[in-house]
Asker: 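To start, I am sharing the structure in question, which I have written as structure tokens.
This is a predicted model, so every value here is computed, not measured.
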Amino acid sequence: AADFYIETKVTNPVKWDAEHPALCEMNVSLYSGENKLETVSRKIGFRQVELRGRNLYVNGQEVKFRGIWGGNDAKQLRDLNINHIRKNWATQGFLDSCDQFGVYVLDEIPATFTRGTIADDPEIAPQWFELMADMMERDYAHPGVILWSHGNESSPGATSLRVHNFIKAEDPQRPDMFSWAQDIPVKEDLPYDIYSFHYPDVM
């Protein structure tokens, strides 16, 4: 079946952010003539993400992250005054709960410890792209997902830069992150929007 796209305009929606996780319900129905074949319903939110220098803004307000890596209970995170989580292998149910309770998500593909020449291996590139493209397609509509991550503690290379450029073409609004950013030579193009350096006190 061919893909098709429908655009509509929403005037003055209530904005979503972690302190005000306002959601609305979207219902999309498919018809054949006058017969309804299928209806898909999901919760969505409206918000704008932007980088201004070294600061991140949501709906024009600067955001400070109070976060962890891991965890599976969005309500518990908010009860602990945590507003941000870095997560790979995130389930749809978990992302739905982050939308509901107001948790910002760094959504990360499981590209971890891809060290050395692997980062430039052309046989690895299609797998890296497929992981990123699939995650973005699946999670794009979640308002809680405000950052993409395309590598954890991995060596930079030709593939990481190409994946970064792909992310910016598909989703110009959300920033992306790649770690380890400190391994990228100063004169090379940067494959990320947000610098990530783990364990600075022990390196």
Asker: Do V49 and W16 share a hydrophobic cluster, counting only Ile, Leu, Val, Met, Phe, Trp and Tyr and linking them when any side-chain heavy atoms are less than 4.5 Å apart?
Answerer: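 The answer is yes; both residues are in one hydrophobic cluster.
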Asker: Do L77 and Y104 share a hydrophobic cluster, counting only Ile, Leu, Val, Met, Phe, Trp and Tyr and linking them when any side-chain heavy atoms are less than 4.5 Å apart?
Answerer: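 No.
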Asker: Using the rule given for salt bridge (charged side-chain N to carboxylate O under 4.0 Å, His left out), can you reason through R86 versus E108, listing the C-alpha separation, both sets of side-chain angles and the distance that settles it, and then say yes or no?
Answerer: CA-CA 7 Å; R86 176 178 167 224; E108 185 172 75; 3.1 Å; yes
Asker: Using only heavy-atom distances, determine whether the side chains of D17 and H20 contain a donor-acceptor pair under 3.5 Å.
Answerer: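 Short answer, yes.
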Asker: How would you list, by chain and number, every residue that makes a side chain to side chain contact (heavy atoms under 4.5 Å, CB included) with S29, sequence neighbours excluded?
Answerer: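 Side chain to side chain contact (heavy atoms under 4.5 Å, CB included) check on S29 returns Y31, K36, T39.
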Asker: Under a 4.5 Å side-chain heavy-atom rule over Ile, Leu, Val, Met, Phe, Trp and Tyr, are I167 and L161 clustered together?
Answerer: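 As far as the 4.5 Å side-chain criterion goes, L161 and I167 are not connected within one cluster.
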Asker: Could you walk me through whether S154 and F178 pass the side-chain contact (heavy atoms from CB on, under 4.5 Å) check?
Answerer: CA-CA 8 Å; S154 298; F178 178 84; 4.0 Å; yes
Asker: Who are the salt bridge (charged side-chain N to carboxylate O under 4.0 Å, His left out) partners of E50, not counting sequence neighbours?
Answerer: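 Residues passing salt bridge (charged side-chain N to carboxylate O under 4.0 Å, His left out) with E50: R52.
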Asker: In this structure, would V10 and V28 fall into the same cluster of hydrophobic residues linked by side-chain contacts under 4.5 Å?
Answerer: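 Yes, because V10 and V28 connect within a single hydrophobic cluster, where side-chain heavy atoms sit under 4.5 Å apart.
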Asker: Any luck finding a side-chain donor-acceptor pair between N83 and E19 under 3.5 Å?
Answerer: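 No pair is found: no donor N or O on one side chain lies under 3.5 Å from an acceptor on the other.
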Asker: Carefully, step by step, assess F65 and H84 under the rule ring-ring contact (aromatic ring centres under 6.0 Å, His included).
Answerer: CA-CA 6 Å; F65 289 148; H84 175 258; 4.1 Å; yes
Asker: Where is the tightest heavy-atom contact between H150 and A111, given as atom of each residue plus distance?
Answerer: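 Scanning both residues, the minimum pair turns out to be O-CB, 4.3 Å.
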Asker: Please step through salt bridge (charged side-chain N to carboxylate O under 4.0 Å, His left out) for the pair D134 and R138, ending with a clear verdict.
Answerer: CA-CA 6 Å; D134 287 351; R138 188 195 72 166; over 6 Å; no
Asker: Please report the closest heavy-atom contact between A90 and D107, naming both atoms and the distance.
Answerer: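 Answer, listing the atom of A90 first, then D107: CB-OD1, 4.3 Å.
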Asker: Which atom pair, heavy atoms only, marks the closest approach of A18 to P21?
Answerer: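 Taking every non-hydrogen atom into account, O-CD, 3.9 Å.
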Asker: Using the ring of Y140 (Phe, Tyr or Trp, six-membered ring only), decide whether R174 places NZ or CZ under 6.0 Å from its centre and within 45 degrees of its axis.
Answerer: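 Verdict for Y140: a cation-pi partner in R174.
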Asker: Which heavy atom in H164 sits nearest to a heavy atom in L190, and how many Å separate them?
Answerer: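 Nearest pair, atom of H164 first, then L190: CD2-O, 3.6 Å.
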Asker: Is there a path of hydrophobic side-chain contacts, each under 4.5 Å between heavy atoms of I, L, V, M, F, W or Y residues, that connects L106 with F166?
Answerer: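 No.
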Asker: Which residue in the set D193, D176, D171 passes side chain to side chain donor-acceptor pair (under 3.5 Å) when paired with W148?
Answerer: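 Option passing the side chain to side chain donor-acceptor pair (under 3.5 Å) with W148: D171.
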